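Treat the numbers as computed from the prediction; the structure is a model and nothing was measured. Numbering starts at 1 and runs along the sequence shown. Values below: all heavy atoms of this structure, side chains included; hydrogens, waters and symmetry mates excluded.
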Amino acid sequence: MPADRKKTSERPKAAQVKRTRQRGGPGVSPEEFLLLKKPKGDLILEIKGERVSLTSLDRVYWPGENITKFELLCYYLHIESFIMPFLRDRPAILQRYPRGIAAPMFFQQDLESAPPFIKTARLINQEGRELHYAVFTTIGSLLHFVNLGTIEQHPWHSTIKHLDKPDYLMLDLDPKAAPWPNVLAVALICKEVFDELGLPSFPKTSGSSGIHIYLPLKPTNKYESVAEFSRLLAAEVATRAPKIATVERTIAKRKSDQVYVDWMQNARGKSLAAVLTARAKRGATVSMPLSWKQIEQGVKISDFTVKNVPALLKKNGDAWSDFFDQRQKLKLK
């Protein structure tokens, strides 16, 4: 038997995902759900042909702001049309806070059980284990994950159709101790570099402490090539502004004013917080899509929360509405 086939046969196999029985009884529509006033306990949400079991609706997810699971579910329902294009058909890394942000969190990549409407993908992780990853498909799937405590949404950078070929590239501007104006300045330098290459760039707040810069791509290059291109972009940014930007990974070797231009998340199986995801951070902040004009005017992380983002999107529109229309075909080795 060839060595590669033998290795495959010895690979640890994932157990089948157990399909849980769905609860019977009447459900509520999304419209009825959104009209509820401080509901408690459990119910069934019937949405687009799927019955989503939602439990402990009065559980507080953000103690400081007294924001509940119900309010987070309402947030995702309100922004469905904006967030789902960035989640649909992507494997999910579930970062679960079942008791809210003040309690322990854990990551889940291997799905052991799920209702019938949850799609899974059998993938091999870096240790060679075969795992059943959950896959974002519908708003029902997203709400199911949120019900499990997945406050933040962390999709892969590629879809299940092109698992080895990402359809966007990103740079993560991480300030650590650097002042916020430096983050905004480095973001504008990123734009300058992208503009000179004739490439579109889309900024968003991380919702935590930094700024993310995205480049939409056609899924034609493998992760390794995209990662190398992102490394070159980050190095160019750091070269243009060495006093405030760096690609030095070791925190102790960075100057306090330097923003880390992190390109290393461009790898198969890694993830950044999705655009418009809520963050498990104080203030219930959101990773907000921005225009470059907003960056120039001095936007702040705290400007965008689960409380105000739906209204802001309705009033101002989506700064990333043409993101996937701007996908680039990079000619990389």
>> Could you walk me through whether F82 and W320 satisfy the ring-ring contact (aromatic ring centres under 6.0 Å, His included) test, starting with their C-alpha distance in whole Å, then the side-chain angles of each, then the deciding distance to 0.1 Å, before giving a yes or no?
In response: CA-CA 9 Å; F82 299 100; W320 284 29; over 10 Å; no
> Can you list the steps and then say if F86 with F323 is a side-chain contact (heavy atoms from CB on, under 4.5 Å)?
Replying inline: CA-CA 10 Å; F86 294 91; F323 182 90; 3.5 Å; yes
> What do the steps show when you test E65 against R282 for salt bridge (Lys or Arg N to Asp or Glu O under 4.0 Å), and what is the final call?
Replying inline: CA-CA 8 Å; E65 294 74 23; R282 184 177 178 182; 5.2 Å; no
> Do W156 and L123 pass the side-chain contact (heavy atoms from CB on, under 4.5 Å) test, and can you show the C-alpha distance, the side-chain angles, and the key distance before you say yes or no?
Replying inline: CA-CA 12 Å; W156 275 36; L123 306 175; 3.7 Å; yes
> Where do R90 and D167 land on the salt bridge (Lys or Arg N to Asp or Glu O under 4.0 Å) test, with the steps shown first?
Replying inline: CA-CA 11 Å; R90 298 177 191 273; D167 55 7; 2.9 Å; yes
>> side chain to side chain donor-acceptor pair (under 3.5 Å) for H78 and E80? Distances and angles first, verdict last.
In response: CA-CA 6 Å; H78 280 303; E80 172 191 357; over 6 Å; no
>> Show, in sequence, the C-alpha distance, side-chain angles and deciding distance for R19 and V17, and conclude whether the side-chain contact (heavy atoms from CB on, under 4.5 Å) test is met.
In response: CA-CA 6 Å; R19 294 300 173 173; V17 176; 4.3 Å; yes
>> Before you tell me yes or no, could you show the steps for M84 and L142 under side-chain contact (heavy atoms from CB on, under 4.5 Å), namely the whole-Å CA-CA distance, both residues' side-chain angles and the distance that decides it to 0.1 Å?
In response: CA-CA 9 Å; M84 285 310 299; L142 171 56; 4.0 Å; yes
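Atoms OG and CE, from S201 and M170 in turn, are 14.0 Å apart once rounded to the nearest 0.5 Å. Taking OH from Y75 and CD1 from I79, the interatomic distance works out to 3.5 Å, rounded to the nearest 0.5 Å. Note that NE2 of H154 and CD of Q109 are 11.5 Å apart. Values are rounded to the nearest 0.5 Å. We find the OG1-CD distance between T150 and Q108 to be 7.5 Å, quoted to the nearest 0.5 Å.
Summarising the geometry of P85 relative to S81, their closest heavy-atom pair is CD-O, 3.5 Å, with the distance given to 0.1 Å. Residues F33 and V28 come closest through the heavy atom pair CB-CG2, 4.2 Å. When every heavy atom of P179 is checked against every heavy atom of S256, the shortest pair comes out as CD-O, 4.4 Å. When all heavy atoms of I151 and Y76 are compared, the closest pair comes out as O-OH, 2.7 Å. Shown here for P155 and S271, the closest heavy-atom pair between the two residues is O-OG, 2.7 Å. Closest heavy-atom contact between N147 and T55: OD1-N, 2.8 Å.
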Check residues 295-304 and write down every donor-acceptor pair under 3.5 Å in which the side-chain atom is one partner and the other belongs to a residue at least two apart or another chain.
| from | atom 1 | to | atom 2 | distance (Å) |
| --- | --- | --- | --- | --- |
| K300 | NZ | D303 | OD1 | 3.4 |
| D303 | OD2 | K300 | N | 2.9 |

For residues 206-221, please give each side-chain donor-acceptor pair under 3.5 Å, one per line with the distance, not counting sequence neighbours.
| from | atom 1 | to | atom 2 | distance (Å) |
| --- | --- | --- | --- | --- |
| S206 | OG | S208 | N | 2.9 |
| S206 | OG | S209 | N | 3.1 |
| S206 | OG | G210 | N | 2.9 |
| S206 | OG | G210 | O | 3.2 |
| H212 | ND1 | K204 | NZ | 2.8 |
| H212 | NE2 | D172 | OD1 | 3.4 |
| T220 | OG1 | K218 | O | 3.4 |
| N221 | ND2 | L330 | O | 2.8 |

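With a 6.0 Å radius and a threshold of 12 heavy atoms from other residues, nucleotides or ligands, K69 has its NZ atom above the threshold. Other residues, nucleotides and ligands contribute at most 12 non-hydrogen atoms within 6.0 Å of the CD atom of E112. In this structure, R240 places its CZ atom where more than 12 heavy-atom neighbours from other residues, nucleotides or ligands lie under 6.0 Å away.
In this structure, the side chain of E196 does not engage the main chain of V193 through any donor-acceptor pair within 3.5 Å. Between the side chain of T138 and the backbone N or O of G140 there is at least one donor-acceptor pair closer than 3.5 Å. Side-chain atoms of N182 come within 3.5 Å of backbone N or O of D257 as a donor-acceptor pair. Checking side-chain atoms of T205 against main-chain N and O of V286 turns up a donor-acceptor pair under 3.5 Å. In terms of modelled atom types and a separation under 3.5 Å, the side chain of E248 and the main chain of T250 share a donor-acceptor contact. No donor-acceptor pair closer than 3.5 Å links the side chain of D164 to the backbone N or O of K222. In this structure, the side chain of Q294 engages the main chain of S291 through a donor-acceptor pair within 3.5 Å. At distances below 3.5 Å, at least one donor-acceptor pair connects side-chain atoms of S141 with backbone N or O atoms of T137. Side-chain N or O atoms of D42 include none that pairs as donor or acceptor with a backbone N or O of S53 at under 3.5 Å. One N or O on the side chain of Q258 and one on the backbone of K255 form a donor-acceptor pair closer than 3.5 Å.
The shortest side-chain heavy-atom distance between L94 and L111 falls under the 4.5 Å cut-off. Counting only heavy atoms from C-beta outward, the side chains of L72 and V146 approach each other to under 4.5 Å. Side-chain atoms of F194 and L171, non-hydrogen and from C-beta on, do get closer than 4.5 Å to each other. Looking at T246 and V261, their side chains never come closer than 4.5 Å, going by heavy atoms from C-beta outward. At least one side-chain heavy atom of P203 sits less than 4.5 Å from a side-chain heavy atom of W292. No side-chain heavy atom of Y168 sits less than 4.5 Å from a side-chain heavy atom of S158. Counting heavy atoms from C-beta outward, L57 and L73 have side chains that approach closer than 4.5 Å. Residues Y97 and M105 are in side-chain contact: their nearest non-hydrogen atoms beyond the backbone lie under 4.5 Å apart.
Salt-bridge check for R268 with E224: failed, with every basic side-chain N at 4.0 Å or more from each acidic carboxylate O. Electrostatic pairing of D325 and R327 does not count as a salt bridge here, judged by no charged N lying under 4.0 Å from a carboxylate O.
A cation-pi arrangement is found for R254 relative to Y260, the charged atom lying closer than 6.0 Å to the ring centre and inside a 45° cone about the ring normal.
Under a hydrophobic-cluster definition in which Ile, Leu, Val, Met, Phe, Trp and Tyr are linked whenever side-chain heavy atoms come within less than 4.5 Å, directly or via other members, L34 and I83 are assigned to the same cluster. Put simply, I251 and M264 are part of two different groups of oily side chains (I, L, V, M, F, W, Y) that touch within less than 4.5 Å, one to the next. One hydrophobic cluster, built from ILVMFWY side chains closer than 4.5 Å, cannot hold both L232 and V226; they sit in different ones. No continuous path of hydrophobic side-chain contacts links L35 to L77 [ILVMFWY only; heavy atoms under 4.5 Å]. The cluster map of Ile, Leu, Val, Met, Phe, Trp and Tyr, joined by side-chain heavy atoms under 4.5 Å apart, puts L54 and F117 in the same cluster.
Residues meeting the side-chain contact (heavy atoms from CB on, under 4.5 Å) test with R51, sequence neighbours left out: Q22, I44, E46.
Under the salt bridge (charged side-chain N to carboxylate O under 4.0 Å, His left out) rule, E71 has a single partner from K307, R59, K38, which is K307.
A donor-acceptor pair shorter than 3.5 Å cannot be found between the side chains of D58 and T68.
Between H157 and Y223, the ring planes lie tilted relative to each other; the angle falls in the 30° to 60° range.
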